[in-house]
Amino acid sequence: MSSPSEMSFSGTDDEPGFAGGLSNPETTQYKLRRQVIDIVNHLMSYGLQHKLDLPGIAVIGSQSVGKSSLIESISGITLPRATGTCTRCPIECRLSRVDREWSCEVYLLIARELREVKFGDVIKDKRDVEDRIRRAQLAVLNPSKDPLKVLDGTAAMGSNELSFSTDVVSVRISGRNVDDLSFVDLPGIIVSVRDGNKDSDIDDVRNLVTGVIKKPSCLILLVISCESDIENQGARRLAKQLDPTGDRTIPVLTKPDRIAAGSYRSWLDLLENKEERFKHGWYCVKQADQEQLEGGITWEDARKNERSFFDKKAPWSQLDERIRSRLGTPALTNALGNTLFDLIVARLPGLLREVEARLETIQKELAKLPSKVEGDPVTEVWKMIEEFKSDVQALVLGRAQDGEKGLIQNFRASREEFRESIFQQAPDFKPYDCPAGLYGSRSLDVDQSISSTTDDTDSSGEGATGELERLEPSGTRNPKTLIYIDEVMDMARNAATRELPENYPYAVKTYFVGHFMKNWHIPTEKLYQKIERLFSDELTRLVTKHFSRFAAGAFDSEIQNIVMSQLEACSTRAKERIRACIALEQEEPFTINEHYLQDYKTKYTHRYKAARRHHVTREGVLQQIMSGQVDNTESLRNALFHLGELGFDGLDVEKLLRLLPPDPADAMIEIMAEVRAYYQVAFKRFVDNISMIIDYELLKVFYRTLSIAILTKLSSNGADFRDRCNSFLNEDPSIVNLRDSLTQDYKRFESARLKLQNIPGVSVLSAGRLIAGDDMDSF
């Protein structure tokens, strides 16, 4: 109920005179204006005032400038005025003239939820509006409370949770004698706070007001009191800051009866738009004073007193008609209605484009989100698992589009590195004695004599790539692989047991073979660990891709656990196979590919003997013959001729050298060549086998056993499988909330588009103007 100190608006719908704006509801002009204003009201009901620049009127003013009295005069209702109940949130007033009895409804527009909440039943008695608004404001200032409990008084109320709020109290008034107008009343600008209030309230109010009136389509109804110096009124400074050209501001002077004698001129200059010019000019209103309010003056009497004041009181009664047309609440209301209509008309085409652009953006955002699961839970679960398996299969088989970062591409490159690493461990035999001072030690200055005297490639065949096969690793060799022939000789002699002279134990060859294979496990482990890590990372990425949206139902963690468990099982088997492969190679030398072994042995024998001839010096003529210094000389031809006469027919230099006594190092060269040949056969076999084990046991077996692993684990706990599937499909709340929010936004914007496209009798043109039916030619 209203307090006795407030204006009484107890008139009935039959009382005349409460229509300052769109006064004749039967005209086409009225109907058109009603439709376009309703459009904006509908968009605000959808919560779009926070997402679009909607045309509207915002009432601002400093404290105690008569802003509440002005709003009461326009709306015909009483606002809360008791201590602590001043305007602390935006209060929207939607006034609609309809051919029915007066009524009022109050809604809460919750900004954080983009929804409106009906706050109580329809009000039929104007005296009940003030209390309803007061309770509505309490509800938005205490967001943790149930609004309906605040309404019925059952909520436990203490100090307000908020001093001010951006949530809106929407007051919707309709009736026969109600003007067609919509505006929002904003908290008054404050420059100081009372005891018990917070200093931050000053900035909070300023930010709240700024957030509303900074929008280009907001008309600013600036309330200026004639009772105080205009320079000291903070709302004026804020309006000038945000609308420096004055195109959006409609200033109105209040309390003209408080102007001190002799001070009229400065105020009249403003009213005549001579000082501080504004596009829409200045207006002036006279509201009931405190004594009249306490006496319970009616709205009609207040308007009658206002007309009498401006008609009879100098200097107002002496102004020319152009200025007098700007005096009084009806004149202001009429101007506000016309200006708002013009603003909406100009804004509608742009609004339609903005709405369509937002719809397109929302559609793109929704397309990025996974679609909502609505089918049978078991079917949906297996559908997602099959899609996951399909990606795993593509990962294992290799995807060309992955490029060098792909798993299989990485595996291929890593295999080449692995092969080269094993190749680098091959024995680097030198078919001559160790230089003095180096025996028993190794220097990084490795002798490259074999490479310098013979070709490193096999000229008898090609490798898999079409290139000649390399018989020795490239680059700088590890000094630990270097073995000189005298070291081989010492090993052979020291290993001899019961062999006949010039025979050497087989153990010498097995020793050297085992010695150079003993570190094969190091590059093997490095290769395996790299591929296992890459595979694990890729599987985790795929689990995240397919199941992370269902983190709330633990579907992603369940699949991740199954995948990692299965990967561990495959890894265990692969490691066992790798260890077995290494053990077989280190057991004893073996191959049934004897022709390859013999072929390599011949090649290495030739290489070692050639290198030895380069290094080992013989006495006199023999050395000259071996080194080719006497080839094609008369002396050599004569020697071969005379040997032929003695019965040595068909001799040439090579056959001549065979007549020489054997090199005592030939037996060692035979050991070196056979060991090196076997290493060549074994390492090529080994790198193939290790690569195939990893590819098969770790990658392919994982994929081929994935289905049974998932099925077994998902159904192994005895719970109803359908119930489990249903629980799995609980999506991540953040995804659900985002999808729901975007879906609600889409519905709101789609409704807005339909409203904007279907104004009866009006077409929204891209040129930025409205065209009505034929009967609007005079408009």
Side-chain angles (χ1 to χ4, degrees), residues 414-454 456 469-495 504-530 578-579 581-589 600-601 603-605 607-608 611-612 614-615 665 668-687 690:
S414 299
R415 289 200 308 263
E416 293 300 319
E417 294 175 2
F418 169 62
R419 183 188 189 281
E420 189 62 27
S421 181
I422 299 295
F423 197 14
Q424 286 285 343
Q425 295 185 31
D428 185 14
F429 287 120
K430 302 298 181 183
Y432 43 85
D433 291 347
C434 180
L438 293 182
Y439 190 85
S441 65
R442 293 294 176 258
S443 169
L444 291 176
D445 184 18
V446 178
D447 191 335
Q448 299 294 325
S449 60
I450 292 183
S451 298
S452 64
T453 57
T454 60
D456 266 351
E469 179 186 3
R470 289 186 296 121
L471 294 177
E472 296 294 345
S474 58
T476 302
R477 300 291 302 279
N478 187 334
K480 293 183 178 180
T481 65
L482 185 62
I483 301 292
Y484 289 94
I485 198 168
D486 52 342
E487 295 177 283
V488 177
M489 179 66 76
D490 288 347
M491 172 64 70
R493 288 172 178 169
N494 292 335
Y504 300 100
Y506 175 65
V508 176
K509 297 177 182 178
T510 60
Y511 166 78
F512 281 118
V513 168
H515 175 75
F516 288 102
M517 290 182 175
K518 66 181 180 181
N519 290 323
W520 278 8
H521 68 281
I522 296 175
T524 303
E525 290 173 0
K526 181 180 178 181
L527 171 68
Y528 183 82
Q529 290 170 0
K530 179 178 181 180
I578 289 172
R579 285 193 293 268
C581 184
I582 294 174
L584 286 173
E585 293 294 346
Q586 295 178 344
E587 182 67 18
E588 60 184 16
Y600 281 127
K601 182 177 178 181
K603 294 171 184 175
Y604 285 112
T605 299
R607 291 167 64 83
Y608 293 153
R612 183 167 178 78
H614 180 75
H615 281 80
M668 298 304 102
I669 288 178
E670 191 273 339
I671 292 175
M672 293 161 58
E674 188 165 326
V675 169
R676 185 63 185 84
Y678 181 77
Y679 190 96
Q680 196 73 4
V681 171
F683 110 83
K684 293 170 71 175
R685 174 181 64 204
F686 179 73
V687 296
I690 293 299

Atom [atom1] of [X] and atom [atom2] of [Y]: how far apart are they, to the nearest 0.5 Å?
{"X": "Glu472", "Y": "Arg607", "atom1": "CD", "atom2": "CZ", "answer": "5.0 Å"}
{"X": "Arg415", "Y": "Leu527", "atom1": "CZ", "atom2": "CG", "answer": "9.0 Å"}
{"X": "Ile690", "Y": "Glu525", "atom1": "CD1", "atom2": "CD", "answer": "10.5 Å"}
{"X": "Met491", "Y": "Ile483", "atom1": "CE", "atom2": "CD1", "answer": "8.0 Å"}
{"X": "Met517", "Y": "Ile422", "atom1": "CE", "atom2": "CD1", "answer": "9.5 Å"}
{"X": "Ser414", "Y": "Arg419", "atom1": "OG", "atom2": "CZ", "answer": "15.0 Å"}

Considering non-hydrogen atoms only, spot the tightest contact between [X] and [Y] and give its length.
{"X": "Phe423", "Y": "Pro473", "result": "O-CG, 3.1 Å"}
{"X": "Ala426", "Y": "Thr481", "result": "O-CB, 3.4 Å"}
{"X": "Ala611", "Y": "Pro431", "result": "CB-CG, 3.6 Å"}
{"X": "Pro523", "Y": "Asn519", "result": "CD-O, 3.2 Å"}

Is there a side-chain contact between [X] and [Y], using heavy atoms and a 4.5 Å cut-off?
{"X": "Met668", "Y": "Ile671", "answer": "yes"}
{"X": "Tyr484", "Y": "Pro435", "answer": "yes"}
{"X": "Glu670", "Y": "Lys601", "answer": "yes"}
{"X": "Met489", "Y": "Arg493", "answer": "yes"}
{"X": "Asn478", "Y": "Gln425", "answer": "no"}
{"X": "Leu482", "Y": "Arg477", "answer": "no"}
{"X": "Tyr604", "Y": "Val675", "answer": "no"}

Would you say [X]'s side chain and [Y]'s backbone share a donor-acceptor pair under 3.5 angstrom?
{"X": "Ser421", "Y": "Glu417", "value": "no"}
{"X": "Gln424", "Y": "Ser474", "value": "yes"}
{"X": "Arg676", "Y": "Leu471", "value": "yes"}

Next on the checklist: Salt bridge check, Glu585 against Arg685: does any charged N sit closer than 4.0 Å to a carboxylate O?
Outcome noted: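 Salt bridge: yes.
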
Next on the checklist: Against Tyr679, only a single residue in Phe512, Trp520, Phe429, Phe516 fulfils ring pair (Phe, Tyr, Trp, His ring centres under 6.0 Å); can you say which?
Outcome noted: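 Single ring pair (Phe, Tyr, Trp, His ring centres under 6.0 Å) partner of Tyr679 among Phe512, Trp520, Phe429, Phe516: Trp520.
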
Checklist entry - With under 30° as parallel and over 60° as perpendicular, where do the rings of Phe686 and Phe418 fit, or are they tilted in between? => result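 Ring orientation, 0 to 90° scale: tilted.
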
